[in-house]
Amino acid sequence: MTHAETATPPDLAGTLSPRMQGIGTSQIGLVADRGRDDPEVVKLWIGEGDLPTPPFIVEAAHKAMLAGHTRYATSLGLPRLREALSAYHARHWGVDVPPERFAVTAGGMNAIMQAAQALLEPGDEIVIPSPAWPNLAEAVRITGGVPVTVPYRVQGDGRFALPLADIEAALTPRTRAVVVNSPSNPTGWIMPLDEMKALRDLARARGLWIVADEVYAHFAYGNAIAPSFLQICTEDDRLIVTNTFSKNWAMTGWRAGWLIAPRGLAPTFAKLGQYNTTSIPTFIQHAAVTALEEGDGFIRQMVGRCAESREMMVEGLSRLPGVTVSVPEGAFYLMARVAGPGTPRPEETSLAVAFRLLAEAKVGVAPGTAFGPEGEGFIRLCFAISPGLARDAVARLSAVLGR
């Protein structure tokens, strides 16, 4: 063995870009690293359902590979896929979005990253309601921007709210955009249509962009579908909508998503797609067409079982002393306050709670602080699981939190 193989490697982290040095560490990963290989753990920490990708989508990818669809595609995405995306939005939201406004991306994360790349100069601010999916703020930081968080307000019944006045108070001359994730990960909050209109009017008046992350739109409990900014904005508004195939069709590992840009920006996103990924695999794009055209029934199945598991978790955890459940209006996450004033262990951090539940209940949850400091005292549970598994998780959690 040579000296080079045995020597301690140099610490080069300090030589990287300051932006890279400031990237946060995922607290979800910290918890998952302790239990991901334990088969006894009920894993509710990651935003991924327990159903496999439907066979008809897998078969479509297989057929596309056998047919030779394994070469480069245009960076904006196959024309047939963008036409299918246009038809999908017309079918579900009654909006006319022409295919040329769509860009196919490597999942919803790449859609967010391309939006940040397109909009931000170093020092530009983006307002993000919090607790929030941590990738939003990190995408802003990686591209040189400054995330400015606006805390949701927790109402008397435990539900989350986001007054427009709070967003307006966070605006500065450096504000470039406002991010709206509705339905929200992790809070389950859904922005009402009238509040969307008010934010649209504010953005128009102040020359701001809206980045609408509408990934969980179908997961709206008590409503057919969550409203979209596409229903109230024109093709010339400063609006970018991001989405993914991951959630609706159980395609998390396929890395396929899309964004919708204003009229005339296709050349910009064609270049960003080219320099980010060249294109996503062509056979995956053919499978995505099949998901859009044949997958509405699977979406209904997913939402139905999520609704059942949601009810089971809300009902079971709400009975526990010192636990306050925020009933989610949408998405497939439940936020529960388990630490802080009024709880059995007020001094315990949400990260410590997550570690304790992993060790004592064999349930993996995400600590609330994984989604920003506003999440302290909360844990987040993903209920995109079978009702039977949800029942098991509630029983395990009750045995520990109910002591």
Side-chain angles (χ1 to χ4, degrees), residues 47-48 53 57 60-61 64 69 71-89 92 97-120 126 133-140 142-143 145 177 179-182 185 209-218 228-230 235 238-292 295:
E48 185 173 51
T53 304
I57 298 175
H69 297 299
R71 304 178 69 85
Y72 290 133
T74 172
S75 60
L76 280 174
L78 295 175
R80 185 182 172 207
L81 176 52
R82 286 181 282 141
E83 290 166 2
L85 284 165
S86 177
Y88 166 81
H89 283 78
H92 289 289
V97 184
E100 57 267 24
R101 288 182 58 194
F102 289 88
V104 177
T105 62
M109 185 61 240
N110 183 234
I112 292 288
M113 189 64 77
Q114 287 194 33
Q117 291 167 341
L119 296 180
L120 295 179
I126 289 192
W133 181 44
N135 295 35
L136 296 173
E138 297 307 329
V140 171
I142 288 170
T143 49
V179 172
V180 175
N181 172 213
S182 173
N185 170 17
W209 283 81
I210 295 173
V211 179
D213 180 6
E214 299 185 352
V215 165
Y216 299 97
H218 283 286
S228 168
F229 276 96
L230 294 167
E235 62 184 5
R238 299 184 186 191
L239 170 70
I240 296 175
V241 177
T242 63
N243 216 314
T244 183
F245 287 87
S246 293
K247 312 302 181 179
N248 293 341
W249 300 280
M251 295 174 67
T252 50
W254 295 65
R255 310 318 304 136
W258 70 91
L259 64 78
I260 304 171
R263 177 178 61 169
L265 292 189
T268 296
F269 286 98
K271 288 182 279 190
L272 283 173
Q274 175 67 35
Y275 300 134
N276 272 271
T277 59
T278 302
S279 68
I280 73 166
T282 310
F283 55 88
I284 288 179
Q285 296 191 55
H286 282 274
V289 171
T290 298
L292 291 165

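Reckoned from all heavy atoms, side chains included, excluding hydrogens, waters and symmetry mates. Since the model is a prediction, treat every value here as computed from it, not as a measurement.
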Nearest 0.5 angstrom please: Lys271 NZ to Gln114 CD, how far? 12.5 Å

When every non-hydrogen atom of Gln285 is compared with those of Gly77, the smallest separation belongs to OE1-CA, 3.3 Å

Spatial distance of atom CD (Gln117) from atom CD1 (Ile142) [nearest 0.5 Å]: 9.5 Å

CZ of Phe229 to CD1 of Ile240: how many Å apart, nearest 0.5 Å? 13.0 Å

Is the shortest heavy-atom distance from the side chain of Ile280 to the side chain of Arg255 under 4.5 Å? no

Go through Arg80 and His286 one step at a time and tell me if the side-chain contact (heavy atoms from CB on, under 4.5 Å) criterion holds. CA-CA 8 Å; Arg80 185 182 172 207; His286 282 274; 4.2 Å; yes

May I ask you to test the Trp133-Asp213 pair for a side-chain heavy-atom distance under 4.5 Å? yes

What are the two closest non-hydrogen atoms of Pro262 and Leu239, and how far apart are they? CD-O, 3.2 Å

What heavy-atom pair brings Met251 and Ala291 nearest, and what distance separates the two atoms? SD-CB, 4.2 Å

Under 3.5 Å, is there a donor-acceptor pair between the side chain of Thr105 and the main chain of Trp258? yes

Return the CG to OG distance between Asn243 and Ser228, rounded to the nearest 0.5 Å. 9.0 Å

Close side-chain approach of Asn135 to Ile112, heavy-atom, < 4.5 Å: no

Enter the distance from Glu214:CD to His89:NE2 here, rounded to the nearest 0.5 Å. 7.0 Å

I'd like to know if the side chain of Asn248 pairs up with that of Tyr88 as donor and acceptor (distance under 3.5 Å, no hydrogens or angles considered). yes

Beyond-backbone contact of Thr74 with Arg82, side-chain heavy atoms, under 4.5 angstrom: yes

Close side-chain approach of Trp249 to Leu292, heavy-atom, < 4.5 Å: yes

Which pair of heavy atoms, one from Leu119 and one from Ala177, lies closest together, and at what distance? CD1-CB, 4.3 Å

Whether Lys247 side chain and Gly47 backbone form a donor-acceptor pair below 3.5 Å: yes

Nearest heavy-atom pair of Ala60 and Ala287: which atoms, and what distance? CB-CA, 4.0 Å

Tell me every residue that passes side chain to side chain donor-acceptor pair (under 3.5 Å) with Glu235, counting only those two or more places apart in sequence or in another chain. Arg263

Between His69 and Leu78, is any pair of side-chain heavy atoms under 4.5 Å apart? no

Looking at Leu76, is its backbone amide N or carbonyl O close enough to the side chain of Ser279 to form a donor-acceptor pair, meaning the two atoms are under 3.5 Å apart? no

Any non-hydrogen side-chain atom of Ile57 less than 4.5 Å from a side-chain atom of Trp254? yes

Nearest-0.5 Å distance that lies between atom OH in Tyr72 and atom OG1 in Thr278: 5.5 Å

Heavy atoms only: give me the nearest Val97-Ser86 pair and the separation to one decimal. O-OG, 2.6 Å

Phe102 side chain near Phe269 side chain, heavy-atom distance below 4.5 Å: no

Between the main-chain N or O of Leu259 and the side-chain N or O of Thr242, is there a donor-acceptor pair closer than 3.5 Å? no

Taking Gly253's backbone N and O only, do any of them form a donor-acceptor pair with Glu48's side chain (distance below 3.5 Å, no angle check)? no

